[in-house]
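Read the numbers this way: they start at 1 and go in the same order the structure lists the ligands and their atoms.
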Amino acid sequence: MAHLSQNQDGAEPTPGEGPGSAFAAVRIATHASEDAAAFRDRVMDVWATTFDLVRDVEDWRSTIWERHRAREDYRLVTAESDGVLVGFAWGYTGRPGQFWSDFVLRTLGAAAAPWVGGHFEFVELAVDPGSQGRGIGGLLHDAMLEGLPHDRALLGTTDDADAPTYSLYRSRGWQVIGSQAPGDVVMGKRLTR
Ligand SMILES: CC(C)(COP(=O)(O)OP(=O)(O)OC[C@H]1O[C@@H](n2cnc3c(N)ncnc32)[C@H](O)[C@@H]1OP(=O)(O)O)[C@@H](O)C(=O)NCCC(=O)NCCS
């Protein structure tokens with residue numbers, strides 16, 4: 001299996017490694033679009049436990065999974081524990097003409113203009129509830145941004161400062177750019193190459 005970045009298994013400490021650990025070691029790997037295809041159903045299973053049940057499987061596959069997987073610079077990062085997928089993240093290059101890019105430009109106006117178009121879009125990040133709080137989300141985040149050629153990244157998330165997702169992004173240098181809808185914020189991060 002070809003990875004965009006080196007499989008981190010054993011390359012750095014991962015949650016649960018070491019004698020007496022209650023958890024199995026977690027294997028973080030980054031996959032280009034073609035290799036990501038094999039993860040479709042397992043990603044959907046983690047999606048269902050983390051976000052919500054996928055009621056229309058065919059719609060999810062075509063409008064979310066395949067459409068995103070076809071985008072420029074797509075990458076999927078996976079976290080596996082004992083061969084079981086416990087978390088994932090994906091992203092791609094965002095361009096005007098895509099739904100979210102256009103939505104952000106329309107709703108944030110001038111504040112978004114320097115950010116949107118050619119940015120890396122950090123689209124999804126999820127860790128199965130049974131595996132949360134072990135550092136896996138942070139590892140997925142860091143692997144997602146590793147080695148990107150982009151100079152900036154964008155994402156949308158909750159504006160709830162107490163939510164794990166908000167605090168994860170803020171602690172990793174993401175800045176709030178604005179709000180495109182009640183309860184949501186757009187965050188941006190300058191990337192150093
Ligand atoms: C957000 C999410 C991916 C974090 O995954 P995780 O494996 O639990 O996160 P980690 O254990 O790696 O913690 C990473 C950071 O998250 C924050 N965090 C984690 N759990 C938290 C909690 N219960 N309360 C507040 N902050 C928390 C901390 O800032 C932590 O920072 P640290 O790395 O300095 O310790 C996970 O909670 C999740 O899947 N949530 C539901 C889906 C979601 O909201 N996805 C994001 C959509 S934009």
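- Across Glu121, His150, Arg71, a single residue satisfies side-chain hydrogen bond (donor to acceptor under 3.5 Å, both in side chains) together with Thr93, and that is His150.
- Pairing each heavy atom of Arg69 with each of Tyr74, the nearest pair is CA-CD1, 3.4 Å.
- Judged by the shortest distance from any of its heavy atoms, Gly156 lies inside the 4.0 Å radius around the atoms of ligand 1.
- Distance screen at 4.0 Å: atom 11 (O) of ligand 1 has a protein heavy-atom neighbour inside the cut-off.
- When hydrogens are left out, the protein atom nearest atom 40 (N) of ligand 1 is Gln132 NE2, 3.7 Å; that is the closest non-hydrogen contact.
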Exercise. Give the intermediate values and the outcome of side chain to side chain contact (heavy atoms under 4.5 Å, CB included) for residues Val104 and Trp115.
Key: CA-CA 10 Å; Val104 170; Trp115 288 89; over 6 Å; no

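- For ligand 1, the atoms lying closer than 4.0 Å to a non-hydrogen atom of Thr157 are 48 (S).
- Annotation for ligand 1: atoms under 4.0 Å from non-hydrogen atoms of Arg134 are 11 (O).
- Each of the following atoms of ligand 1 lies closer than 4.0 Å to a heavy atom of Thr50: 39 (O), 41 (C), 42 (C).
- Distance check on atom 20 (N) of ligand 1: some protein heavy atom falls below the 4.0 Å cut-off.
- Taken from CH2 in Trp174 to OH in Tyr166, the straight-line distance is 13.5 Å, to the nearest 0.5 Å.
- Near Gly138, meaning under 4.0 Å from one of its heavy atoms, ligand 1 places the atoms 12 (O).
- For the pair Asp102 and Gly97, the tightest heavy-atom approach, listed with the atom from each and the gap, is OD1-N, 2.9 Å.
- Per-residue contacts place Ala126 under 4.0 angstrom from the following atoms of ligand 1 (heavy atoms of the residue considered): 39 (O).
- The two atoms that bring Leu76 and Trp65 nearest to each other are CD2-CH2, 4.0 Å, heavy atoms only.
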What side-chain donor-acceptor pairs closer than 3.5 Å can you find for residues 44-55, not counting sequence neighbours?
{"unit_1": "Thr49", "atom_1": "OG1", "unit_2": "Val46", "atom_2": "O", "d": "3.0"}
{"unit_1": "Thr49", "atom_1": "OG1", "unit_2": "Asp128", "atom_2": "OD1", "d": "2.7"}
{"unit_1": "Thr50", "atom_1": "OG1", "unit_2": "Val46", "atom_2": "O", "d": "2.8"}

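- The residue Trp47 has no part lying near ligand 1, judged by heavy-atom distances below 4.0 Å.
- Protein heavy atoms are absent from the 4.0 Å sphere centred on atom 30 (C) of ligand 1.
- With hydrophobic clusters built from ILVMFWY side chains whose heavy atoms lie under 4.5 angstrom apart, Leu108 does not share a cluster with Met187.
- When the side chains of ILVMFWY residues are joined at heavy-atom separations under 4.5 Å, either directly or via intervening members, Leu125 and Val186 end up in two distinct hydrophobic clusters.
- Residue Ala163 has no N or O atom closer than 3.5 Å to an N or O atom of ligand 1.
- Atom 22 (C) of ligand 1 has as its closest protein heavy atom Pro164 CG, 3.6 Å.
- Taking distance alone, with nitrogen or oxygen atoms compared against 3.5 Å, Phe51 stays at or beyond that limit from ligand 1.
- Considering backbone and side-chain N/O atoms, Asp162 never comes within less than 3.5 Å of an N/O atom of ligand 1.
- At least one N or O atom of Gly133, backbone or side chain, sits closer than 3.5 Å to an N or O atom of ligand 1.
- The shell of residues lying under 4.0 angstrom from ligand 1, judged by heavy atoms, excludes His141.
- Nearest heavy atom pair, residue Ser167 against residue Ala161, reads CB-O, 4.4 Å.
- Taken from CG in Leu140 to OG1 in Thr78, the straight-line distance is 8.0 Å, to the nearest 0.5 Å.
- At a 4.0 Å heavy-atom cut-off, ligand 1 touches Thr165 through backbone and side chain alike.
- Comparing heavy-atom distances from atom 9 (O) of ligand 1 across Ala89, Ser131, Gly137, Ala79 singles out Gly137 as nearest.
- Residue-level proximity to ligand 1 for Glu124 is absent, since no heavy atom of it falls below 4.0 angstrom.
- In the displayed structure, Glu34 atom CD is contacted under 6.0 Å by at most 12 heavy atoms of other residues, nucleotides or ligands.
- To the nearest 0.5 Å, atom CD of residue Gln175 and atom CZ of residue Arg170 are 5.0 Å apart.
- There is a protein heavy atom less than 4.0 angstrom from atom 42 (C) of ligand 1.
- Scanning the protein heavy atoms around atom 47 (C) of ligand 1, the nearest turns out to be Leu125 O, 4.0 Å.
- Distance CD1/Ile28 to CD/Glu80: 9.5 Å, rounded to 0.5 Å.
- Scanning the protein heavy atoms around atom 39 (O) of ligand 1, the nearest turns out to be Val127 N, 2.9 Å.
- Looking at ligand 1, you'll find an N or O of Arg172 within less than 3.5 Å of one of its N or O atoms.
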